**Student:** 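My questions all concern the structure below.
Computed from a predicted structure; not experimentally measured. FYI, side chains are in, hydrogens and waters are out, and symmetry mates aren't considered; it's all heavy atoms of this structure.
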Amino acid sequence: MQMSKDLFQPVVREQVGRETVVRPSINYWQDAWRRLKKNKLAMFGMTTLVILILLATFGPIFSSYDYATQNYDIKNLPPSAAHWFGTDDFGRDLWVRVWWGTRISLAIGIIAALLDLVFGVIYGGVSAYYGGRVDDIMQRIIEVIHSIPFLLISILLIIVIGPGFMTIIIAYAITGWVPMARLVRGQVLTLKEQEYVLAARTLGAGGARIIFRHLVPNALSLIIVQITFIVPSAIFVEAFLSFIGLGIRVPLASLGSLLSDGANSIRYFPHRVIFPTIVFSLILMSFNLLGDGLRDALDPKMRK
């Protein structure tokens, strides 16, 4: 009897609370945001992008000039209090034109990312989920599309439709979604044999419901990271086409067309190429820094 009293001692009530978990419970996305905030380069990229988007949206409002109005009396002026970025060879204010060009370039990048998101996710998800002959046929189609040079498609569309905003979007939409489709396909192939997918199939869920309700949400982290790399890629493609004269029509401007115009007079009027180059470089750098940070933050292997 004495032995049982020594072995089994009653728990003091004050000691019960010592084992209480004091750390708040957070979900996957909250944990990813917490780790993203610790990445200084990623936060720098995000902050820079927000500033550039705000300037592209509201920057022209702070000037009394229009992006298309020409005035040969003030052409090729250097930066001053009246014209913060100077003027071009038609006397147009470069402050307004740079931020209008940033709008066009960002719009092309975002629209291209949305098209990639829709086409690539649907195509890659369907191909991987059904597999077999369906997957073989769909992958052969992707290989054919991927083998067509993007520049050739762009030139053919420009001949048929003419250069412009929609031509660039259509040209990029034809081939740009292929990397997204391959990424989603690879991720779905690793997820479709998981227990929750088999349980949903057993309960009678259809293929579309399983793909978009169970498989795609679990691949969302990789999709988000891929989008952050698609946007700068599309902006670079637009800049390249505009630089060689196959892009945006005048009097509209994009960063690529502004770089093309400024490169022709860089020896005499360097301000015409310096400011578009700075904005263009900041956009590409910011998206890449943010993409790298998101890749680390959303990777479950990086969780501590």
Side-chain angles (χ1 to χ4, degrees), residues 15-58 102 105-107 109-118 120-122 124-125 128 177 179-197 199-200 209-236 279-304:
Q15 297 178 351
V16 176
R18 296 181 181 179
E19 297 182 359
T20 304
V21 178
V22 296
R23 181 179 178 182
S25 178
I26 58 176
N27 59 29
Y28 171 77
W29 296 105
Q30 290 173 333
D31 184 46
W33 170 244
R34 178 180 60 83
R35 285 184 283 115
L36 180 65
K37 288 191 296 184
K38 294 181 180 180
N39 191 325
K40 295 181 179 180
L41 289 177
M43 295 307 296
F44 171 77
M46 180 184 294
T47 304
T48 304
L49 276 179
V50 171
I51 294 173
L52 291 174
I53 292 173
L54 290 176
L55 285 172
T57 305
F58 302 106
T102 306
S105 296
L106 286 174
I110 293 172
I111 293 174
L114 291 176
L115 292 174
D116 286 5
L117 179 65
V118 175
V121 169
I122 294 176
W177 56 272
M180 177 67 80
R182 287 179 169 174
L183 176 70
V184 173
R185 175 181 177 270
Q187 189 67 11
V188 171
L189 284 174
T190 62
L191 294 174
K192 71 175 186 177
E193 300 300 332
Q194 298 292 325
E195 289 81 0
Y196 61 88
V197 178
R209 180 179 178 84
I210 293 175
I211 292 172
F212 298 107
R213 188 69 181 271
H214 299 285
L215 295 176
V216 171
N218 282 281
L220 194 59
S221 59
L222 291 178
I223 294 173
I224 292 174
V225 173
Q226 182 68 12
I227 288 176
T228 60
F229 292 111
I230 290 173
V231 175
S233 175
I235 293 175
F236 183 84
V279 175
F280 181 72
S281 301
L282 285 175
I283 290 175
L284 297 187
M285 179 189 68
S286 300
F287 270 110
N288 283 308
L289 290 177
L290 180 58
D292 289 337
L294 285 173
R295 182 175 55 194
D296 295 338
L298 295 173
D299 187 358
K301 297 178 182 178
M302 301 293 293
R303 300 185 68 176
K304 296 181 181 179

**Student:** With rounding to the nearest 0.5 Å, note down the distance linking CD1 in Ile53 to CD1 in Ile110.
**Tutor:**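 The CD1 atom of Ile110 is 6.0 Å from CD1 of Ile53, to the nearest 0.5 Å.
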**Student:** Rounded to the nearest 0.5 Å, what's the gap from CD1 on Ile235 to CZ on Phe280? Could you check?
**Tutor:**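 Here the rounded value is 7.5 Å.
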**Student:** With rounding to the nearest 0.5 Å, note down the distance linking NZ in Lys38 to CE in Met43.
**Tutor:**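 Rounded to the nearest 0.5 Å, the NZ-CE separation comes out at 13.0 Å.
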**Student:** Measuring only between side-chain heavy atoms, which start at C-beta, is Ile122 closer than 4.5 Å to Phe212?
**Tutor:**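 Yes. Closest side-chain heavy atoms under 4.5 Å.
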**Student:** With the side chain counted from C-beta on, respond yes when Thr102 and Leu55 share a heavy-atom pair under 4.5 Å apart, and no when they do not.
**Tutor:**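 Counting from C-beta outward, Thr102 and Leu55 never come under 4.5 Å.
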**Student:** Do you know which two heavy atoms are closest between Ala42 and Gly293, and how far apart they sit?
**Tutor:**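 Heavy atoms only, the tightest pair is CB-CA, 3.7 Å.
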**Student:** For the atom pair CE (Met180) and CG (Leu115), what is the distance rounded to the nearest 0.5 Å?
**Tutor:**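 Taking CE in Met180 and CG in Leu115, the distance rounds to 11.0 Å.
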**Student:** Any donor-acceptor pair under 3.5 Å linking the side chain of Thr190 with the backbone of Gln187?
**Tutor:**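 Here the side-chain-to-backbone pair exists.
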**Student:** First locate atom CG of Leu52, then atom CG of Leu106, and finally report the distance between them rounded to the nearest 0.5 Å.
**Tutor:**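 The CG atom of Leu106 is 7.5 Å from CG of Leu52, to the nearest 0.5 Å.
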**Student:** Which value, rounded to the nearest 0.5 Å, describes the distance between Arg213 atom CZ and Asn218 atom CG?
**Tutor:**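 Those atoms lie 12.0 Å apart.
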**Student:** Between Leu49 and Phe287, is any pair of side-chain heavy atoms under 4.5 Å apart?
**Tutor:**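 Yes, close enough: below the 4.5 Å cut-off.
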**Student:** With a 3.5 Å distance limit and no angle check, can you tell me whether Asn39 reaches the backbone of Arg35 through a side-chain donor-acceptor pair?
**Tutor:**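 Looks like no, no N/O pair under 3.5 Å.
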**Student:** In the structure I gave you, are the side-chain heavy atoms of Leu36 and Met46 within less than 4.5 Å of one another anywhere?
**Tutor:**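 Yes - at least one pair of side-chain heavy atoms lies under 4.5 Å apart.
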**Student:** So which atom in Ala112 and which in Ala234 form the shortest heavy-atom distance, rounded to 0.1 Å?
**Tutor:**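 Nearest pair, atom of Ala112 first, then Ala234: CB-CB, 3.7 Å.
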**Student:** Is Leu54 close to Val50 at the side-chain level, that is, under 4.5 Å between some pair of heavy atoms?
**Tutor:**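 Yes, close enough: below the 4.5 Å cut-off.
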**Student:** Tell me if a side-chain donor or acceptor on Lys192 pairs with a main-chain N or O of Leu215 at a distance below 3.5 Å.
**Tutor:**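 No, the answer is negative, given that no donor and acceptor are paired below the 3.5 Å cut-off.
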**Student:** Taking all atoms of both residues into account, what is the closest heavy-atom pair of Ala113 and Val231, and its distance?
**Tutor:**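 That would be CB-CG2, 3.7 Å.
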**Student:** Please give me the minimum heavy-atom distance between Ala200 and Ile210, naming the atom from each residue.
**Tutor:**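 Answer, listing the atom of Ala200 first, then Ile210: CB-CG1, 4.3 Å.
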**Student:** Just wondering, do Val197 and Leu191 contact through their side chains at under 4.5 Å, heavy atoms?
**Tutor:**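 Contact flag for Leu191/Val197 side chains = no.
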**Student:** Between Ser233 (side chain only) and Phe229 (backbone N and O only), is there a donor and an acceptor less than 3.5 Å apart?
**Tutor:**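 Not confirmed, Ser233 side chain does not pair with Phe229 backbone.
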**Student:** Taking all atoms of both residues into account, what is the closest heavy-atom pair of Gly124 and Val184, and its distance?
**Tutor:**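 Looking at all heavy atoms of both residues, the closest pair is C-CG1, 4.0 Å.
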**Student:** Can you confirm whether Ile224 sits close enough to Leu294 that some side-chain heavy atom of one is under 4.5 Å from a side-chain heavy atom of the other?
**Tutor:**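 With C-beta onward as the side chain, the pair touches.
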**Student:** Is there side-chain contact between Leu117 and Ile223, with at least one heavy-atom pair below 4.5 Å?
**Tutor:**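 Leu117 vs Ile223: side chains touch.
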